[in-house]
Amino acid sequence: MNFNQKNYDISDLIVRDMKQRDIASVLNIEREVYPFPWSEKILADLFYFGLESEVHHSTVIDGGDKSSIIHGYSFWQMIVDECYILNFAISQKFQRNGLGSFFLEKILEEANQIGAQRATLEVRIGNKPAIGLYEKFGFSVIAMRKDYYVDNGKKEDALIMWLQNL
Ligand SMILES: CC(C)(COP(=O)(O)OP(=O)(O)OC[C@H]1O[C@@H](n2cnc3c(N)ncnc32)[C@H](O)[C@@H]1OP(=O)(O)O)[C@@H](O)C(=O)NCCC(=O)NCCS
């Protein structure tokens, strides 16, 4: 896959493993982009799982030498030969410039290099930007989990999306 980037010079950006010092930036983005963000403890636990096991992965996209700003992050797991994306986000101010596509492509490449043959994730049925991104990569909806998300008593269905043949 090779996506053209719009209005953004990605040549300085670096996709790398998350470090402990990134957690505060990851938490800021999490709070910025999700109405019901995961807590700092959940994010930190996922990061530490990644240090301890080959299954859990924590990845960030940062600005490189010119700015070490964290532009986005992802937590993902290897389940045998599947890449399961638990969380994937781009900071609000950097959205709609091709970064999500660039970042997702890098993660899927890395997963493929360590044995992933396919990829899967859950997404809120109302999350049109994310569904659009995943469809662009060839993900398709294989099932729906009714009322999977419950936030302050409000329920939302989850779509289970699947990418066969990485
Ligand atoms: C989903 C997300 C990662 C996309 O990041 P991004 O950097 O804006 O993505 P890109 O610029 O690479 O766009 C890729 C595609 O996503 C879709 N898309 C992105 N933003 C969109 C929007 N606001 N409305 C509709 N489609 C959108 C489009 O299909 C787009 O392709 P196009 O540019 O050819 O139209 C970003 O919106 C985000 O972080 N959202 C909040 C966190 C989230 O919901 N994560 C997914 C959890 S499952």
Side-chain angles (χ1 to χ4, degrees), residues 1-16 18 22-40 42-43 46-47 50 56-64 67 69-79 82-111 116 118-152 154-164 166:
M1 285 175 279
N2 185 18
F3 287 87
N4 292 327
Q5 311 305 318
K6 302 181 301 186
N7 310 320
Y8 202 93
D9 180 5
I10 61 160
S11 58
D12 297 325
L13 300 178
I14 296 170
V15 173
R16 60 165 174 80
M18 194 179 291
D22 300 323
I23 292 175
S25 301
V26 167
L27 180 63
N28 283 341
I29 299 173
E30 173 79 16
R31 288 178 174 161
E32 174 189 291
V33 301
Y34 291 116
F36 302 100
W38 288 355
S39 67
E40 183 171 7
I42 291 173
L43 297 172
L46 285 171
F47 167 73
H56 298 269
H57 297 263
S58 316
T59 311
V60 295
I61 176 168
D62 90 9
S67 87
I69 295 168
I70 301 301
H71 290 55
Y73 63 90
S74 179
F75 294 99
W76 51 283
Q77 293 177 358
M78 287 293 291
I79 304 174
E82 288 173 33
C83 168
Y84 174 44
I85 299 174
L86 291 121
N87 199 337
F88 182 90
I90 297 292
S91 175
Q92 191 95 51
K93 56 189 167 298
F94 299 113
Q95 291 179 8
R96 295 249 71 179
N97 282 303
L99 265 66
S101 303
F102 173 73
F103 190 35
L104 183 58
E105 184 178 3
K106 295 288 180 202
I107 287 170
L108 295 177
E109 273 175 14
E110 184 184 342
R118 55 203 123 253
T120 184
L121 53 88
E122 282 126 20
V123 59
R124 287 174 187 263
I125 198 166
N127 191 344
K128 301 299 177 208
I131 293 168
L133 170 68
Y134 300 136
E135 284 178 339
K136 195 171 158 182
F137 275 71
F139 282 82
S140 53
V141 175
I142 56 158
M144 190 185 81
R145 290 202 173 101
K146 186 100 185 106
D147 298 338
Y148 181 71
Y149 301 99
V150 183
D151 309 294
N152 294 345
K154 193 165 175 283
K155 295 174 182 169
E156 186 169 1
D157 302 337
L159 299 179
I160 301 174
M161 298 190 79
W162 185 258
L163 175 62
Q164 195 71 27
L166 260 185

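Computation of the quantities below employed the complete heavy-atom set of this structure, encompassing side-chain atoms and omitting hydrogens, waters and symmetry-equivalent molecules. Ligands are counted one by one from 1 in listed order, and the atoms in each one are counted from 1 as well.
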Taking only heavy atoms of [X], which atoms of ligand 1 are found under 4.0 Å from at least one of them?
X    : answer
V33  : 41 (C), 42 (C)
G98  : 10 (P), 11 (O), 12 (O)
L99  : 7 (O), 12 (O)
N127 : 43 (C), 44 (O), 46 (C)

Subject >> Flag if over 12 foreign heavy atoms under 6.0 Å of CD, Q164 >> reply: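 Counting neighbours around CD of Q164, more than 12 heavy atoms of other residues, nucleotides or ligands fall under 6.0 Å, so yes.
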**OP:** Look at atom 23 (N) of ligand 1 and find which of S91, A130, P129, A158 reaches it with the closest heavy atom.
**Re:**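 Closest candidate by heavy-atom distance is P129.
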Subject >> Option of least heavy-atom distance to atom 13 (O) of ligand 1 (set: S74, G100, S101) >> reply: S101
Original post:
Distance from M161 atom CE to I142 atom CD1, nearest 0.5 Å?
Top reply: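 M161 CE to I142 CD1: 10.0 Å, rounded to 0.5 Å.
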Original post:
Does the side chain of F75 come within less than 4.5 Å of L43's, by heavy atoms?
Top reply: yes
**OP:** Please determine if D22 and R16 form a salt bridge, counting it only when a charged side-chain N lies under 4.0 Å from a carboxylate O.
**Re:**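 Salt bridge present between D22 and R16.
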Original post:
Which part of Y134 is near ligand 1, with near meaning a heavy atom under 4.0 Å away: side chain, backbone, both or neither?
Top reply: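 Answer for Y134: side chain.
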**OP:** Report yes or no: do S140 and W162 form a side-chain donor-acceptor pair below 3.5 Å?
**Re:** no
Original post:
So, D62 and Y73: side-chain donor and acceptor under 3.5 Å apart, yes or no?
Top reply: no
**OP:** Kindly say whether the aromatic ring centers of F103 and F88 come within a distance under 6.0 Å.
**Re:** yes
Evaluate [X] for polar contact with ligand 1, using N/O atom pairs at a separation under 3.5 Å.
X    : answer
F88  : yes
E122 : no
F94  : no
Y34  : yes

Subject >> Backbone of G126 reached by a side-chain donor or acceptor of E156 within 3.5 Å >> reply: yes
Subject >> 4.0 Å heavy-atom contact, L121 with ligand 1 >> reply: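 Contact absent.
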